[in-house]
Every structure is written in structure tokens, then in C-alpha cells.
Student: 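What follows is a structure written as C-alpha cells; I'll ask about it next.
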Protein chains: 2
Amino acid sequence: MATIYDVAKKAGVSPKTVSRVINGNRHVREETKNKVLEAIRLLDYYPHAIAKSLKQKTTNNVGYVVPYGSDFVFRDPGQLEQLKGAHNVLTGEDYNLILSVPNSGREALFEVNRLLKHREVDGLILYAMEGVETLAKDFEEKGLSYVSLGKCYPEQEYNFVEIDAPSGGYLATKYLLSLGHRWIGFITEPARFLAPDKQSMIAGCLKAYAEAGLEFPHHLVLEGDYTVNFAEQAAGWFLSKDPGPTAIFCASDPMAWGLMRGLRKEGLTPGVEIDLMAGDDLPFSRAIEPDLSAVNSRLHELGAEAAEMLLVILRKKREIGTRAKLPGRYLRSELVIRGTTTGHAAKREAAGLRR
Amino acid sequence: MATIYDVAKKAGVSPKTVSRVINGNRHVREETKNKVLEAIRLLDYYPHAIAKSLKQKTTNNVGYVVPYGSDFVFRDPGQLEQLKGAHNVLTGEDYNLILSVPNSGREALFEVNRLLKHREVDGLILYAMEGVETLAKDFEEKGLSYVSLGKCYPEQEYNFVEIDAPSGGYLATKYLLSLGHRWIGFITEPARFLAPDKQSMIAGCLKAYAEAGLEFPHHLVLEGDYTVNFAEQAAGWFLSKDPGPTAIFCASDPMAWGLMRGLRKEGLTPGVEIDLMAGDDLPFSRAIEPDLSAVNSRLHELGAEAAEMLLVILRKKREIGTRAKLPGRYLRSELVIRGTTTGHAAKREAAGLRR
DNA sequence: TTGAAAGCGGTACCAC
DNA sequence: GTGGTACCGCTTTCAA
């Protein structure tokens, strides 16, 4: 395939002039430019991206590292929303996204080194994981760029974007309480998905109960694992409790799907005998279970925002030469009320009727 | 960051020797090797992937181009299974996968050029799309490597892997007929997803009917669009037909989910009043609708197989220097019988009972 | 406005 | 077993 020299020779100019034309430099006579363009067309010439990279010390690749393994990442719609958000932004700016899905935090650290230190990528979007604290300092020193999805260590102030889980828990709980529910069940995030000091949604749930002057039903809290099947089983667990819940809030949409199925199997219709609120509000959810009331976690925006931040950092680095630090951002959830939170179950309960 | 020269200097050897050590060449004295290793460790040295690429004319990146846009690709579990299959294989051999999701075939051709001709990738996995015929010849000429998911043009004999859709249709239909069904409804693949001469699953369905000596119910065929919502609506359409179906086979799992919901809304329980067979058997489906009988399209294998083929092609190119052609492969579906194909509806029909 | 030549960080042919 | 050096294809400083 043709090189810049072939083009130069054919057009009767120097490689530098060809380079100027390619990169839109205005200091080229129109006539010369046309000769070059014609030669490029004739030779079906495309600049060699690698050679350009070597010279310019940038690859136009960004790595995206999620340490939960390919089985999980490719099959969890919530993960994919984040990924999609980042992918959209990145490709919009002509960056390629290189997805790496190691099976553990340990392997992830290895991947991070592979991608960044070998300079296969200009920067990294990475899930919060233990050990990144050490990395962060290393990156700092070496001028490597990254943004994390979630805080990696308690004191991290820069270069992260995170969902404000407690605020989601607060909103959901407050709303359910306002419908008259007294006994709300909770399926939380798996503890292993929480960054070191990140607060669980439960913090917000507790707050809402406290504000309402009610005692929090600790016996109705279950740690989830983000899977549909787990949540389906959970339905029975909740119903075995006394007092049992008149409403359940769970930390992710897939868990809400499972819970819905579990409840139906037990003969309970969400929105009628029991209320249900989900934790993501994924587009996919609206197809599967269109009626689901939810806290919108804005996962797509989360990924997009991380990518935007990284692009700013990369741009600054290119222009000013130094690595920028962007203050961490929190995304607040919003309430989306649909058909599974009617308060009917709460009214029954108030009327002294128990299932 | 340190270069190979820094390491060489620190170890008191030449860059070439360092290169030998890095690449596992045996012609290095143990003592020298240790000196080099120590220097590498001290300097936290990692070889510059880009520089290596330039010299070796390989990038260790593979492109994956799907011309249906990001909204579709990231939210269709079937697409993601294929992608996951390819990603697993590729990363297992230390290749990076660069995902490109242009909005149309037209844009896809542009992407293909961007990735391949600029040498950002060593090879490409691409969805069958119109216009690839021209590309294929261009690739041939320029020695560029690709494998297509589906045949790109009727006479294509090499470098593709494709699901044998008619065989899936045949299996499903034959099985349903064996249960005693006479009137089977069909939701097909969207025509725009079919490669130029690719046969629809319907070809197989026709064959099964013909073998059974029955007339094919053309009035019960509906072209789908692969979405949940479409299929939900389709339930009503089927029930408005006369004679209506006692079983429905649809070309994808997401459509089966929608159809299930639609049928339930109409008061029909799949497996009881009407039989239902899905067209993918996705892992995700087993969580959402665990009971669904299906034709297993082996989408994960499809992606994996495409990646394997591409790796073989790339290996041959490296070793023999010439671009290999691999004969195209067809993947046959398999029947997975679960709870939604019981034949009850067919027996009722035979007994003269109609809904 | 245009060109000559050095250099990015590796690899590898060919000597020793 | 080890090293000197040219070269991959592009960009860029500096001079013309």
C-alpha cells in the first residue's frame, strides 16, 4: 500500500507538503494542493495511523476496564448502558474504545498496565476497584490519564464520576413512605460492587425513615447479587417475614424483573397486592416490564460523563502538556413513577387487612 | 517513560540484546539476561506497543463492525452474544477488539476503510452488508484480512460464518407439526437483516410442511423487527386470523418475550392454550423467561467462530505471507424443548375445540 | 510556500 | 552470544 513518499513522488512535491495537505494546513498553494489530492486519490492512499501515532505519541484509543468478567459485563444491561454511553462519546470524537473485561480486580491491574504503560491507549476509563489507589499515584507520576467509574479510594477528589446511591435510596423510600407504606423491603447492591468507602443506597433509605420518624425495618434488608434469579428467590424470603413488606425497593432493574416474577408466582400482582420499585430504569426494562416504577440511575449518562471527562483531560494534556485534574462528579437519580407503585397495598395494611 | 535505550544503557548492553531478552530469545547468556531484567524492573520499563507495531506491521487490534447503530447493538442480547463470543476468543489471543457501530451500511463502508486502510487493525469481523462485495475484491487486492458474519454476496465461498436459518425453521416447524399442530404462526427475521441471497428461516418451515404433506399457512406469516414491543403487538394480529395459530415460532428471543406478554394479555398461557417456540435460546432468556422452548442459534459460537477464522487468517498471513481463504462455515441450530411446547393446544384443536 | 533531514522506539540483518 | 545500524512511515524544526 502506498506511503506518503509515493504520493510525494507522484505529485512531484516533498513528503512534508503532502503532510501539510493531509492535515489541512493552509500554507499550501491551491495548485500544489490539487496535485497532491489527485495523487492521493490515484494511489488510494491512507496515512498510516501507527506511524502517525509513534510520532505524535497519541493513539486515539481509550481503554475501558471492568473487572467483573465477560460473562457478567456482556449480559448485564446496566453495564452495557454505561459502556454504550462511553462508546458514543468516544467514537463521536474519533477515539476507539478498547474493552477489557478481566475476571478480577487483580487481573484488572494487570490489564491497566498492559494498556497504559505499553501505550496502547491514551487514557483509561476504569471501574472503581481496590488497588487503584496505588495505581493512581503511579499514573500521577508518569502522567497517565484516567477517569474512574466510582471512587477508588475514600479521599479521591478528582477524576471520578459516581452515582449517588444514597440519594436514590432516599428518593425511593421517601416516595414509598408517602404512599403510606410502613414496612418496605430492600434488596441492596452486592457489597463487592461497592467501592471502598462508597455508601450503599441503604444510607438514604435510613434517612428517609428517620425523617418520617419511623423505625427502620432492618429485618427486611437483603443483599442482592444483581441477578434476575436471585431476586426471584427473594420473593419467598420477603413473604416469610413478619411483618412482611407492603412494598419492595431493589437496587437494579434485572433484580426487579426477577422479583416481579417471584411475586407473581406467589400470587401477588405488583401494584395491587404489593408495590415495587426498581433501581435503574433501563431502556431495556421498558420493553421487558413496561410498568415498572423506578429510580433512574442514569447509567448511560454515567458512562458518557466519564468519557467526556477523559476527553477533557486528554485535550488539556495535548494543549498544556500537563495532566489535568477534574473534580469528581456525582449523578443524582430521579424518580420515575409508573404502575407498580400505587399504594394500594399500603391502604389495605392501614385498613387492618393482611394478605 | 523509559525506552529500550535507557534499559540498554543501565544494563550495559545494546538495545538489541534487550530486545532479545524481552522477546524470549534463547541466545542470551543467563547472566546478561538477569542484568537486563533487573534494569527493566528498576526503570519500570514497558515496550512501546506502537513502535513495535510500526516495525512489525501488525497492531494486534481487530475491528468488529456492525452497521445497525449503537442503540440497537448495545441493547440486543443476541448481538451481544455474538460480540461476546468474538471478544472472548480475540482477547484470549492477546488481540484487542475495536467495536464500531455505524448507523448504516453506507457508513459502515467508511468505517471499514478507516480501520483497515489506515492500518488501525490487522483484520476485520464484519456483518454482512451490501457493498461488501466491492470491498472484498479491494481487500483481496490489498491483502487485507476479514471474516464476515453472514455471506456478503451470493457467490461468496470463503471467509464467512453464517447461521443456517432454514435448518432452524425446519427443525422448529417439524417438531411443532409432530406435536399435532396444523396451524403454526411465524414471525420472521426483518428482511433488512438478511444478507443478499440469504434464505429466511421460512424456507425451512415450508420444507417441513411440504414433507408432512400439509399446506403452508401463508396467512400466518409476519415479518418481525427483532423488538420486544413489535412482537407483543403481534399477538393480537395472530388471534385475529382465521384459522388462528395453535403454535407460534418466532425468529428471536426478544420477540418471543414480547409475544409471551402479548399472549398472556389476551388471556392465553403459552404451553397451555397456545404453544410458543423462540429463535435464539440466549442465556439471558433463561433468566427472563426460563420456560421458553427454542431453537438454539448458537450466536456465541457464531462470534467465536468468526474470530477463530480471522485468527487463522492472520496467522497464515504472518507465517506464509499470503492471505488465506477459509471455506465459509454454516452453524446448524439445535432444538431445546422446555415448557412452552406441550402440544396441548394442538390436541384441543383436534378435539374440535377452538378458543 | 516548500524541502531536507532528524527522530519517535522498537526490530533485525549482518558482522564480529 | 552480542552490537552497530538501517529502517518502518510519518511529523516537524529550520532554512531556503
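Numbered from 1 within each chain, the chains take letters A, B, ... in sequence-line order.
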Student: Ignoring hydrogens and angles, does a donor from either the side chain of A:Arg20 or the base of C:dT1 sit under 3.5 Å from an acceptor on the other?
Tutor: no

Student: Tell me the closest heavy-atom pair linking B:Leu314 and B:Asp122, and the distance in Å.
Tutor: CD2-O, 3.5 Å

Student: How long is the line joining CD1 of B:Ile22 and C1' of C:dA12, in whole Å?
Tutor: 14 Å

Student: Within this structure, what is the NZ-to-P distance between B:Lys55 and C:dG10, rounded to whole angstrom?
Tutor: 13 Å

Student: Report the residue (B:Glu30 or A:Ala2) whose heavy-atom-nearest nucleotide on DNA chain D is the more 5′ of the two.
Tutor: B:Glu30

Student: Side chain of A:Thr17 only, please: which of D:dC10, C:dG3, C:dC13 is the nearest?
Tutor: C:dG3

Student: Does any N or O donor sit under 3.5 Å from an N or O acceptor when you compare the side chain of A:Tyr5 with the base of D:dG9?
Tutor: no

Student: Mind checking whether B:Ile4 and B:Pro47 have side chains closer than 4.5 Å, heavy atoms only?
Tutor: no

Student: Using heavy atoms to find the nearest nucleotide of DNA chain D for B:Lys33 and A:Val18 separately, return the residue whose nucleotide is more 5′.
Tutor: B:Lys33

Student: Would one find a side-chain N or O of B:Thr32 under 4.0 angstrom from OP1 or OP2 of D:dT2?
Tutor: yes

Student: Measure the distance from CD1 on A:Ile4 to P on C:dA4 and round it to the nearest whole Å.
Tutor: 14 Å

Student: Using the side-chain heavy atoms of A:Lys57, tell me which of these nucleotides is nearest: C:dC8, C:dG10, C:dT11.
Tutor: C:dC8

Student: Name the closest nucleotide to the A:Ala51 side chain, picking from D:dG3, C:dG10, D:dG9.
Tutor: D:dG9

Student: May I ask you to verify if any side-chain N or O of B:Ser14 is less than 4.0 angstrom from the OP1 or OP2 atom of D:dT2?
Tutor: no

Student: Apply side chain to side chain donor-acceptor pair (under 3.5 Å) to A:Arg329 and A:Asn159, showing your working.
Tutor: CA-CA 8 Å; A:Arg329 286 205 49 192; A:Asn159 301 350; over 6 Å; no

Student: Check whether any side-chain nitrogen or oxygen of A:Ser19 sits under 4.0 Å from OP1 or OP2 of D:dC10, and answer yes or no.
Tutor: no

Student: Let me know the distance between CG of B:Asn60 and P of C:dG10, rounded to the nearest Å.
Tutor: 16 Å

Student: Between D:dG9 atom P and A:Asn23 atom CG, what is the distance in whole Å?
Tutor: 18 Å

Student: Between A:Phe74 and A:Tyr68, is the ring-ring contact (aromatic ring centres under 6.0 Å, His included) condition met? List the steps.
Tutor: CA-CA 10 Å; A:Phe74 280 100; A:Tyr68 302 130; over 10 Å; no

Student: Using OP1 and OP2 only, check whether a side-chain N or O of B:Lys16 sits under 4.0 Å from C:dC14.
Tutor: no

Student: Please tell me whether B:Asn96 and A:Glu120 have a donor and an acceptor in their side chains that are separated by less than 3.5 angstrom.
Tutor: yes

Student: Tell me whether the side-chain N/O atoms of B:Arg29 come closer than 4.0 Å to OP1 or OP2 in D:dT2.
Tutor: yes

Student: With a cut-off of 6.0 Å (strictly less than), are more than 12 heavy atoms of other residues, nucleotides or ligands near CD of A:Glu155?
Tutor: yes

Student: Regarding B:Ser53, tell me which of base, sugar-phosphate or nothing describes its non-hydrogen contacts under 4.0 Å with the strands shown.
Tutor: nothing

Student: Round to a whole Å and report the spacing from CZ of A:Arg119 to C1' of C:dG9.
Tutor: 9 Å

Student: How long is the line joining CD of A:Gln56 and P of C:dC8, in whole Å?
Tutor: 15 Å

Student: Give the rounded distance in Å between these two atoms: CD1 of B:Ile40 and C1' of C:dG10.
Tutor: 13 Å

Student: Using a cut-off of 4.0 Å on non-hydrogen atoms, how would the nucleic acid contact of A:Lys52 be classed: base, sugar-phosphate, or nothing?
Tutor: sugar-phosphate

